[in-house]
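Structure first, commentary second.
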Amino acid sequence: MLLNTTTTTSILKKLEPLIPYPINIMNCEGMIVNSSVAEHIGKVNTAACKYMEQTRVPNPLQPLGDTDMVTSMCHMIVRGHMIGAIELEKLPAADNTYLVLAKTVAELMLEQEYLMDEQKGNTSSLNDILAILVGVHPLDSSQLIADLQQHGVELSIPRTSLFIQLSKFDILEQPLESRKLVLDQKQYQYSVKQFLNQLPSYFYLKQDLVLSDLQEQNAVILSVNRKENPEVNALYLFELCTRLTEIAKREYCLALHAVIGIQCNKFSDYERQYEQLILRLSSGRLLFPERSVFLGNSIVLGNFIAHSSKKVLQNIVTYVYGRLLVSKMSRILMDTLGMFFECELNLTLTAQKLYTHRNTLQKRFDKIEKLTGFSIHNADGLLTLRLAFLCHNYLEAGGIHFPYSENE
């Protein structure tokens, strides 16, 4: 760690109101980096050079030379390394407590500076690692996994990926004012920086990972799941990003587009997430140019639901699942459908996940067909059941609950 003008100026500002003697701060070469007396800055303090050379020797009995000089000067040590010295000019031995105070304050401030530099280095290093995690994985991923573990990233924790892209409004009309706002390039870059700096406050859990790119004006977020059901969790993030869109416009004069990606349960799930999220955002904006936030895992169905009125969605759920929801097996049958869709229509895997026999599973689907009139074994029936199921989850995530049977 090297002493610089900024750090030493901060130290001087802290010490000068407390100490009634001129203060000199020297680096390891004895040059005065900063001083209460401006004329001293840049000069070499030969007494300081001698003092630091003598105090470097390992023998504690080594004579330190001029006693008066030693009582007015002490070295500054951070993390076991001497980085310079501090001197109080014309300090009498009786006021040695001022020197102790100066040393303590200076070392505390230097330690704080060291920690900040260390944190910046770790953040930069983690960002580089995360960029590889959501990009193309190396053939031998052992080092990448080790680096992630070293930074405390637990890959076993389920996370959902999402992508935020910022852009500039050409003209932003203010409804309560008569004027129109136009951001120049410097104002735009400042707004982007401020927004990206605030982004981690919305994804605040310890294992949330935020990878911001100021140059590209975007961010990839790997958000720890807040909800147990992946689809309900995606809808939670959809609502959060909708609020962020409003905040970006109102407080930063920025346009924000976002897409919710997939749930990542293991290391391989993160690969190529960056390019996949960009592709899904592009697809969403192409299909729904008037919208800002998209469900990337279901570009057509998901975004149709997210941007339809709640009355329409309630009508769909009631039409398809009306009889099923008041039946004695309503929760079992809805959980079965949920797991079936989660397992990508794989009957064997669904039965395994539900700890039930495949024949029992088939009987449940027969019951679903009897109560709804739609079968999973033909395209129209499967699509209808899927659409109504997504509508049901979306409404429940928004606080609208359907009356399940009380006889279960």
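Along the sequence shown, the residues carry numbers beginning at 1.
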Self-check item: Side-chain (Glu271) to main-chain (His137) donor-acceptor, under 3.5 angstrom
Solution: yes
Self-check item: Polar side-chain atom of Ser309 near backbone of Val312 as donor-acceptor pair, under 3.5 Å
Solution: yes
Self-check item: Trace of the side-chain contact (heavy atoms from CB on, under 4.5 Å) decision for Glu251 with Phe195
Solution: CA-CA 9 Å; Glu251 298 182 15; Phe195 181 86; over 6 Å; no
Practice problem: Heavy atoms only: give me the nearest Asn34-Thr9 pair and the separation to one decimal. | Solution: ND2-OG1, 2.9 Å
Exercise. Indicate yes or no for a side-chain donor-acceptor contact from Thr7 to the backbone of Asn4 under 3.5 Å, with no hydrogens or angles considered.
Key: no
Quiz item: Less than 4.5 Å apart, any side-chain heavy atom of Gln362 and any of Phe365?
Solution: yes
Exercise. Mind listing the closest non-hydrogen atom pair of Lys353 and Cys343 along with its distance?
Key: CG-SG, 3.9 Å
Quiz item: Is any side-chain heavy atom of Cys253 closer than 4.5 Å to a side-chain heavy atom of Tyr188?
Solution: no
Distance-only criterion, 3.5 Å: show the donor-acceptor pairs between side-chain atoms of residues 257-267 and protein atoms not counting sequence neighbours.
unit_1, atom_1, unit_2, atom_2, d
Gln263, OE1, Asn225, ND2, 2.6
Gln263, NE2, Asn265, OD1, 2.7
Lys266, NZ, Asp269, OD1, 3.2

Quiz prompt | Inter-residue atom distance Asp366.CG - Lys370.NZ, 0.5 Å rounding | solution = 10.0 Å
Self-check item: Side-chain donor or acceptor of Ser72 paired with backbone N/O of Leu91 under 3.5 Å
Solution: no
Quiz prompt | Ring-face cation contact, Phe169 with Arg250, 6.0 Å cut, 45° max | solution = no
Quiz item: In Å, rounded to the nearest 0.5 Å, how long is the span from CE of Met73 to CD of Glu89?
Solution: 9.5 Å
Quiz item: Just wondering, are more than 12 heavy atoms of other shown residues or ligands nearer than 6.0 Å to CG in Asn378?
Solution: yes
Self-check item: Exam field: side chain His357 to backbone Asn359, donor-acceptor pair closer than 3.5 Å
Solution: yes
Quiz item: Do any N or O atoms from the side chain of Gln207 and from the backbone of Val224 form a donor-acceptor pair under 3.5 angstrom?
Solution: no
Quiz prompt | Minimal non-hydrogen separation, Leu361 against Leu347, with atom names | solution = CD2-O, 3.4 Å
Self-check item: Ser223 side, atom OG; Tyr236 side, atom OH - distance, nearest 0.5 Å
Solution: 7.0 Å
Quiz item: Any sub-3.5 Å donor-acceptor pair from Tyr321's side-chain atoms to Leu385's backbone N or O?
Solution: yes
Quiz item: Between Leu196 and Pro200, which heavy-atom pair has the shortest distance, and what is it?
Solution: O-CD, 3.5 Å
Exercise. Start with the C-alpha gap between Asp208 and Arg226, add the side-chain angles, then the distance that decides, and say whether salt bridge (charged side-chain N to carboxylate O under 4.0 Å, His left out) holds.
Key: CA-CA 11 Å; Asp208 284 340; Arg226 270 64 169 178; 2.8 Å; yes
Quiz item: Is a side-chain N or O of Asp95 found less than 3.5 angstrom from the main chain of Tyr98, in a donor-acceptor match?
Solution: no
Exercise. Please step through side-chain contact (heavy atoms from CB on, under 4.5 Å) for the pair Phe294 and Arg280, ending with a clear verdict.
Key: CA-CA 8 Å; Phe294 307 95; Arg280 291 176 184 189; over 6 Å; no
Quiz item: How close do Asn233 and Thr160 get, heavy atom to heavy atom, and via which atoms?
Solution: ND2-OG1, 3.0 Å
Self-check item: Phe341 six-ring centre to Arg386 NZ/CZ under 6.0 Å and within 45° of normal
Solution: yes
Exercise. Looking only at non-hydrogen atoms, find the nearest pair between Phe163 and Ile278 and report the distance.
Key: CZ-CG1, 3.8 Å
Exercise. To the nearest 0.5 Å, tell me how far Asp147 CG sits from Leu133 CG.
Key: 11.0 Å
Quiz item: Roughly how far, to the nearest 0.5 Å, is CG of Leu110 from CG of Leu3?
Solution: 6.0 Å
Quiz item: Is Lys14 atom NZ crowded by more than 12 heavy atoms from other residues, nucleotides or ligands, each under 6.0 Å away?
Solution: no
Quiz item: For Arg285, does the CZ atom sit with more than 12 other heavy atoms under 6.0 Å from it, leaving out its own atoms?
Solution: no
Quiz item: Donor-acceptor pair, Glu107 side chain versus Ile77 backbone, under 3.5 Å?
Solution: yes
Practice problem: Scan side-chain atoms only and decide if His377 and Glu369 contain a donor-acceptor pair under the 3.5 Å cut-off. | Solution: no
Quiz item: Rounded to the nearest 0.5 Å, how far does CD1 of Ile157 lie from CG of Leu222?
Solution: 12.0 Å
Quiz item: What do the steps show when you test Val153 against Arg159 for side-chain contact (heavy atoms from CB on, under 4.5 Å), and what is the final call?
Solution: CA-CA 11 Å; Val153 177; Arg159 296 181 180 84; 3.9 Å; yes
Quiz item: Taking C-beta and beyond as the side chain, do Thr384 and Tyr319 meet within less than 4.5 Å on heavy atoms?
Solution: no
Quiz item: Would you say the side-chain atoms of Asn218 pair up with the backbone N or O of Gln165, donor to acceptor, closer than 3.5 Å?
Solution: no
